[in-house]
There are 2 protein chains.
Amino acid sequence: MKSEHIPKATIGRLAVYIQVLENLLRDGNEVISSEKLARACSVNSSQIRKDLAYFGEFGVRGVGYYVQELITSIKASLGIDRVWKCALIGVGNMGSALLRHHDFEKRGFKICAAFDCDPDKIGLEFEGMEIVCPTHLKEQAPELNLEIGIIATPPDRAQRAANHLVDANIKGIINFAPSRINVPKHIPVEYVDFFDHLYAIAFQITLGTD
Amino acid sequence: MKSEHIPKATIGRLAVYIQVLENLLRDGNEVISSEKLARACSVNSSQIRKDLAYFGEFGVRGVGYYVQELITSIKASLGIDRVWKCALIGVGNMGSALLRHHDFEKRGFKICAAFDCDPDKIGLEFEGMEIVCPTHLKEQAPELNLEIGIIATPPDRAQRAANHLVDANIKGIINFAPSRINVPKHIPVEYVDFFDHLYAIAFQITLGTD
DNA sequence: CCAGTCATGTGAATTTTTTAACAAGTGGAA
DNA sequence: TTCCACTTGTTAAAAAATTCACATGACTGG
Ligand SMILES: NC(=O)c1ccc[n+]([C@@H]2O[C@H](COP(=O)([O-])OP(=O)(O)OC[C@H]3O[C@@H](n4cnc5c(N)ncnc54)[C@H](O)[C@@H]3O)[C@@H](O)[C@H]2O)c1
Ligand SMILES: NC(=O)c1ccc[n+]([C@@H]2O[C@H](COP(=O)([O-])OP(=O)(O)OC[C@H]3O[C@@H](n4cnc5c(N)ncnc54)[C@H](O)[C@@H]3O)[C@@H](O)[C@H]2O)c1
């Protein structure tokens, strides 16, 4: 039962399923039931079946799901069965950690260009990439086929970085800076905010305590 | 209309409200209506009023919300009107970036101890803190009053790190490693996963494209 | 081949979350 | 003082997401 609108929460869970399924595969599991997968992901098993049903039928009744096959299917459903080329703006603490983190490439998100406006950083080589000024984004994006922009500048520079990305016809943006940005609404933006999680933990602890 | 159960999504939005309100305050705004705040956060204004209603009445009819006061109220509601002491496990790429990121402290989450099992790292000083072996967690946690554990080890070490944290009576855990961990269920765990957001962007771009 | 067991996919029931609508309260102008 | 333009807090309605429940198909052992 394929469907057109898919809840945002479903996408988040699919990311979890992939994570758990990959660990299962590594441990030698070839088949898994929605019930067992559900326990490993701390969700309801109907939830899993429903989430998958948005995209197609991937299981075998009476048997379960073939792990490798399911991973492949989910990835294809999400559109991550290919390489997405990314541009990083802001090579500070966070940006450097991202560049050094090779999981991105392993999972199909390759950071192909790094931009920073600090004259001391421009020209430096980092992880095999030359750091360049964001004004070059517009010419480099089509050359390198950059599709996703990753903002890791200070918050008051995030909008400027976003403008460069929009100007370069980037298709989607991840913003690590704690500030909202305005972009044309056909460009999806995702905000990564650790404090969100810290607040959630603090709140849950506080709830339990008093 | 105070309430007992609060949706998880509400907590996430409160984090956004704080972010936007702090920027508003910096720009000199003293009062804001739910309508304007809603626009800045890309949500519905009823949503904001409802989210706030879970915790109390913070606005003035016909006027709006006093920005500073609202920030203070939200923080008190979430339990982040105090300092939470954190322990970091795993001082690699990610862990170092976190230690160098002084926003944590500014926002009330102070990383007071850093643990790593790498003999080459143990004993080193980093950001004014000595890196120690995780086996010392149990003795240091009560001494330093550590309440929240931050896991930044490789994924296959996350469970081990979690065990140390549980053993040290930590009250909540943030896990940056892409693997699920098992802990007693009175201990809240939050998973920080960038891929979640990358997948969401890739999916949204793919949707629009075809 | 049949009976019994297991586990998916899915419509229906339930629960939760979001949005709309409005009564009630505020402050300023006339 | 009275009106008017605003904006909150809250109830009611709508929409969305989650969970249940089971018919349907798959495999196993006898
Ligand atoms: N470091 C962390 O652990 C962490 C955690 C959560 C969020 N963040 C957020 O990530 C962002 C970056 O953090 P950081 O610790 O790397 O800060 P940082 O100061 O180390 O790095 C910021 C970098 O951005 C560059 N920059 C500034 N303006 C620019 C512009 N207009 N165009 C291109 N580059 C520009 C600076 O030159 C600098 O290299 C911040 O918004 C921060 O709040 C960081
Ligand atoms: N670097 C990033 O940008 C990034 C982004 C997203 C997620 N992550 C995740 O964060 C985690 C850390 O990433 P990283 O890039 O810092 O890796 P890293 O290899 O640089 O650092 C890992 C650190 O953990 C230490 N460690 C290993 N086992 C340990 C144990 N049992 N107890 C204590 N310390 C232990 C290692 O000695 C090392 O210092 C990984 O799980 C990674 O997937 C990193």
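Predicted, not measured: the structure shown is a model, and the values here were computed from it.
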Closest to the B:Asn44 side chain: C:dT19, D:dG9, D:dA26?
C:dT19

In whole angstroms, how far is the C1' atom of C:dT16 from the NZ atom of B:Lys50?
11 Å

Take atom CD1 of A:Ile48 and atom C1' of C:dT10, then tell me their distance rounded to the nearest Å.
16 Å

Nearest heavy atom decides the nucleotide; on that basis, is A:Val63 or A:Thr10 closer to the 5' end of DNA chain D?
A:Thr10

NA contact type, B:Ser34, heavy-atom cut-off 4.0 Å: base, sugar-phosphate, or nothing?
sugar-phosphate

Go through the N and O atoms of the side chain of A:Arg61 and the base of C:dA7, and report whether any donor-acceptor pair is under 3.5 Å.
no

Over how many whole Å does the gap from B:Ile11 atom CD1 to C:dT16 atom C1' extend?
15 Å

Rounded to the nearest Å, what distance is computed from the OH atom of residue B:Tyr66 to the C1' atom of nucleotide D:dT7?
12 Å

Separation of D:dC27 C1' from A:Glu30 CD (nearest whole Å)
17 Å

Validation row: B:Val43, B:Arg13 side chains within 4.5 angstrom (heavy atoms)
yes

What is the distance, rounded to the nearest whole Å, between atom CZ of B:Phe58 and atom C1' of C:dG25?
18 Å

Send over the distance from A:Asp51 CG to D:dA17 P, rounded to a whole Å.
11 Å

So, the side chain of B:Ser179 versus the backbone of B:Pro155: is there a donor-acceptor pair under 3.5 Å, distance only?
yes

Which part of the nucleic acid, if any, lies within reach of B:Ser46 when heavy atoms closer than 4.0 Å are counted: base, sugar-phosphate only, or nothing?
base

No-H, no-angle donor-acceptor pair, B:Arg49 side chain to D:dT8 base, under 3.5 Å
no

With a 4.5 Å heavy-atom cut-off, do B:Ile18 and A:Tyr199 have their side chains touching?
yes

Determine whether A:Leu14 and A:Ser77 make a side-chain contact, defined as any pair of heavy atoms from C-beta on separated by less than 4.5 Å.
no

If only side-chain N and O atoms of B:Tyr65 are considered, is one of them under 4.0 Å from the OP1 or OP2 phosphate oxygen of D:dG9?
yes

Does a sphere of radius 6.0 Å around CD in B:Glu127 hold more than 12 heavy atoms from other residues, nucleotides or ligands, not counting ones at 6.0 Å or beyond?
yes

Interatomic distance, A:Ile6 CD1 vs D:dA17 P [rounded to whole Å]
11 Å

